[in-house]
2 protein chains.
Amino acid sequence: MVRMPETRPYHHGDLRTALLTAAERTLREKGTASLSLRELAREVGVSHAAPGRHFKDKQALLNALALTGFERLARVLAAAEDPALPLEPRLTALARAYLGFAIDNAELLELMYARKHEPDASEQMAVAVEQTIGSLDRILADAQRRGEIIEGDPEQLNLVTGATLHGVADFISAGWLTPEAALAGVDGLVHVLLHGLKPR
Amino acid sequence: MVRMPETRPYHHGDLRTALLTAAERTLREKGTASLSLRELAREVGVSHAAPGRHFKDKQALLNALALTGFERLARVLAAAEDPALPLEPRLTALARAYLGFAIDNAELLELMYARKHEPDASEQMAVAVEQTIGSLDRILADAQRRGEIIEGDPEQLNLVTGATLHGVADFISAGWLTPEAALAGVDGLVHVLLHGLKPR
DNA sequence: ACCTGAACACCGTTCAAGT
DNA sequence: ACCTGAACACCGTTCAAGT
C-alpha cells in the first residue's frame, strides 16, 4: 500500500456519496433553503464545479436525496410491521413508525413529497415509493382478506389511510402539532380510522 | 384632475398590492422556485430595490401571500358550508371545497403550509388560520352536540379529519393523485371517515 | 414617503484546460 | 475519468442619493 499524502488528492474518491452525506446534514441542521451546491462543494473540499460531474444539476442531487429518503423510510416501516399482530395494534405500530420518521426527518420528508420529480420518474424512485407504500398495502390487504375491514377498492382505503397519516406528518412538519402531541394521539387516530367518527 | 404623463410616475401608487398580484400569477404560472423579487420588480416596472420598502425581505412577501391564501380559503370554505345539511353531505361539501381550492391553488397551498412562518406568528395570520379551521370546527361541534359523532376531545377529532383532508390535498399537489380521482373519491373518503374501516 | 443606482456577497451552470 | 478556474447570468439585501 502506498501512503497517501497529507494534502487532499486530486480525485476525491467517492465525491457523489460525500456530497449526499453533506447535503443531508445541511438539510437537517440548516434546512432546505440553505442548501447550496457551492457550499456543499466547499464542505467536502472540492471545487464548486466538481458536483456537476456527479449531478446534472441541483435538482438531480435533490432527487437522489429523496430516493435515499424513500429507501430508508421503506426499511423503517418494514421493520415496524408485525404481521402477527391484530389489525389495530399492527396499524398503530406502522403509524408510530411513520410519524417517528417524519419527526426525525422533517426537511427530508418535505423534499420527498416535493411536487418536483414527476417527469423523470426514475425507475429506482418508483420502486422505492412502491416499497414504502407496500407496508400499508399489506396490512390493509390482510385485514380485508380476513373480513376485518370493509370491502371495496383497496386503492381507496389505502388512500384514506395514507392521507391521514401523511396529513398528520405534515402538520408536524408545519409546526402546527408538536411531536409529543402527535405521538400521544396515535392510538386515538388509528382508532377513529378503524371505527369511524360516528358512534357504534 | 391633472392628466398623468405617459411615462410611469415616480411613485407607483400601490406597489405592495401590485407585487402581491404579480407574485401570485408567477406562482401559478411558473411555480414557487422561479419567484424572484428582482423579476417581480421588473414585471411591475420598478427598480429591483423598490420591493424592499414594502417587504422586509423575500420571506415577508411570501408570508403576505400565504395570508391572502388563508383569507381566501376561509371564505371558500365558509361559502361551501351549509348548516342545514345533515352531517355527511355537510362534511362532503366542505371536503369538496377544500380539495377544489387545493387543485386550483396547489403552489399557493404549499406556501401556506410551509414550515417557515412560525416565529412571527403575525396576529393576522393566526386569525386567518383560525377562520379557515373554523368551518370544520363548527361541523364537528354541531355533530357532537347532536350525538351524531363520538364523544371525546374535539381537538383530536378535528385533527384526524383535518389531517385526512390535508393529506389528500397534498397527494394532489405532489402529483400522486389526479384531481379527477380525488374529487371522484370524496364521497367514499368522507364515508370512511364517518363509518370507519371496520365493518358495522 | 417612496423610489433609484450602485455595490456586495452570494448563487447555479458551463466549458476550456489541467492531472 | 475526474476535477479546476474563470466566466456568465442571475440572485437578495443594503444604503446613499435622488424626487
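By convention in this document, chain letters (A, B, ...) are assigned in the order of the sequence lines, proteins followed by strands, and residues within each chain are numbered from 1.
If you take CD of A:Gln59 and P of C:dC11, they are 18 Å apart, rounded to a whole angstrom. Taking atom CG of residue B:Leu37 and atom P of nucleotide D:dT14, one finds them 11 Å apart after rounding to whole Å. One interatomic measurement links the two molecules: CG of A:Leu19 to P of D:dC2, which rounds to 13 Å at whole-angstrom precision. For the pair A:Asp57 CG and C:dT14 C1', the computed distance is 12 Å after rounding to whole Å. Rounded to whole angstrom, the span from the CZ atom of B:Arg42 across to the P atom of C:dC3 amounts to 18 Å. Distance CZ (B:Arg53) to P (C:dC2): 9 Å, rounded to an integer number of Å. We find that CG of A:Leu62 is positioned 10 Å from P of C:dG12, with the value rounded to whole Å. With rounding to whole Å, B:Leu35 atom CG is found 8 Å from D:dG12 atom P.
Checked for salt-bridge contact, B:Arg75 and B:Glu71 miss the test: no charged N lies under 4.0 Å from a carboxylate O.
Close to D:dC11, at under 4.0 Å from its OP1 or OP2, lies a side-chain N or O of B:Ser36.
Each of B:Glu39 and A:Ala50 was matched to the nucleotide of DNA chain D holding its nearest heavy atom; the match closer to the 5' end belongs to A:Ala50.
Taking the six-membered ring where tryptophan is involved, the planes of B:Trp176 and B:Phe171 are essentially parallel, since the angle between them stays under 30° and well short of 60°. In this structure, B:His166 and B:Tyr98 have tilted ring planes: the angle between them lies in the 30° to 60° band.
Note on B:His48: a base of the nucleic acid sits closer than 4.0 angstrom, heavy atoms only.
Residues B:Leu35 and B:Glu107 fail the side-chain proximity criterion, which asks for heavy atoms closer than 4.5 Å.
Looking at the side chain of B:Ala49, the nearest of the listed nucleotides D:dT4, D:dT14, C:dT13 is D:dT14.
Judged by distance alone with a 3.5 Å cut-off, a donor-acceptor contact links the side chain of A:Arg38 to the base of C:dT13.
Across all non-hydrogen atoms, the minimal contact from A:Ala128 to A:Thr132 is O-OG1, 2.8 Å.
Under the Watson-Crick and G-U wobble criteria, each requiring two contacts below 3.5 Å, nucleotide C:dA16 is paired to D:dT4.
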